[in-house]
Each structure stands twice: as structure tokens, then as C-alpha cells.
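Keep in mind the model is a prediction, meaning the values are calculated, not measured.
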Amino acid sequence: MHHQPDGAAFDIVLLLHVACVVVGLVTTGTAAATATRLRRLLGSPVPLPETLRRYFRPGINWAGRTVYGIPVFGFALLAMSQGAYALGQGWVLGGLAIFAAVALLGEGVLWPAEQRLQNALAPSDVAPDAGEPPLDHDATVMARAASAALVLLLAGTVLMVAQP
């Protein structure tokens, strides 16, 4: 049995790893809540609040992409653990599988729906394409994908803390 890793460098990398998880949890929770709010307001005659329009301002969701730091710092922690942790351990492989699901969900469903909403809600002189899905569909897809990603991130967090 190897000893528990310690040292300032290990602690800093662990803090960065955890910070990426926390930012990922916050951003996916915010995405789910904001998409749900948008979906609810789309059916009402009330104009969309400025805060909602600001959230859906066109651009890449860089805060959401911080989840990519999770495996980067995770691999660094494995390397710095001096054999205490290994890639072949079940909880490490489970965490990687969960991260892969989060990344696929984000890149394949969540962020594309968010980008379509950004484009649709941006002020434009061009008429929307008739072949595009309605806004409520994209808001629903975004809310569900963000909720699923949130559940996966929570499951990964529990797995990493428990280390069964």
C-alpha cells in the first residue's frame, strides 16, 4: 500500500482539479436553469429580460469548457501520486468514462443547442431559416442535456470522493 500523496504541488493540482469540477457544476446548473427559464418565457407575451438575452449573447461558452481541465489535472494527480493511484483502478476508469459522457453530451448536444439559441436570439436583419427547429425545442434540448451533464458531474464527484 502506498502512502497518501502530499506536498504543495500535489495540493495545488488537486485544488485546480476540484475548481474545474465546481465551475463545471455551476455552469451546467446555470445552463439548465437558464434554458428552462427561456422555455417558460417563450410562450408568454412578455419580452425576454435583458439578463436572459445577455446569457445567450453569441460566443463560445468558455466557462463550460473548463470541464476539460478535470481529466488534465486528474492525469497530473495520477502522475504525482507516486503509485498511490493508478489508471487501472476502477474508480479512476469510472471517472474517465463519466467525463467522456459529459464531454460527448456537451459537445454533441448541450453546446450546439446553446449556440443555436444564441444565433436565434441575436439581433439580426436576416429572417430566420424556416428549416431551423423552433426555439422551445432547442431550449428543451439544452435544459435536458445540461441536467444530464449535471447529474453525471455529480456522480463523478461522488465517485472521486468515495474512491471505492
Exactly one of Thr36, Leu38, Leu42 clears side chain to side chain contact (heavy atoms under 4.5 Å, CB included) with Arg40, and that residue is Thr36
For a 4.5 angstrom cut-off between non-hydrogen side-chain atoms, does [X] reach [Y]?
X	Y	answer
Thr157	Val18	no
Arg54	Thr51	yes
Pro112	Glu107	no
Tyr68	Cys20	no
Ser44	Leu41	yes
Asp6	Asp11	no
Val67	Val21	no

If we count only N and O atoms by modelled type, under 3.5 Å, do the side chains of Glu114 and Tyr55 hold a donor and an acceptor together?
yes
Checklist entry - Any ion pair linking Asp136 and Arg39 (charged N to carboxylate O, less than 4.0 Å)? => result no
Compare every heavy atom of [Y] with every heavy atom of [X], then report the nearest pair and how far apart it is.
X	Y	answer
Phe56	Met142	CE2-SD, 3.7 Å
Val102	Ala149	CG2-O, 4.2 Å
Val109	Ala145	CG1-CB, 3.6 Å
Met80	Val13	SD-CG2, 3.7 Å
Leu77	Leu14	CD2-N, 3.6 Å
Ala63	Thr27	CB-CG2, 3.6 Å

Under 4.5 Å between side-chain heavy atoms, hopping through other hydrophobics if needed: is there a path connecting [X] to [Y]?
X	Y	answer
Val22	Leu15	no
Leu105	Phe99	yes
Leu78	Ile12	yes
Leu87	Phe73	yes
Trp91	Val151	no

[X] side, atom [atom1]; [Y] side, atom [atom2] - distance, nearest 0.5 Å:
X	Y	atom1	atom2	result
Thr66	Leu25	OG1	CG	9.5 Å
Leu52	Leu121	CG	CG	7.5 Å
Ile60	Gln115	CD1	CD	7.5 Å
Ile98	Leu153	CD1	CG	9.0 Å
Leu159	Leu96	CG	CG	10.0 Å
Leu16	Ile70	CG	CD1	12.5 Å

inquiry  = Quick one: does any side-chain atom of Arg53 pair with a main-chain N or O of Pro49 as donor and acceptor, under 3.5 Å?
reply    = no
### Residues that Phe75 engages under ring-ring contact (aromatic ring centres under 6.0 Å, His included), provided they are two or more places apart
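If we apply the ring-ring contact (aromatic ring centres under 6.0 Å, His included) test to Phe75, skipping adjacent residues, there are no hits.
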Practice task
Please confirm whether Arg116 makes a cation-pi placement over Trp111, using NZ or CZ under 6.0 Å from the six-membered ring centre and within 45° of the ring normal.
Solution key: no
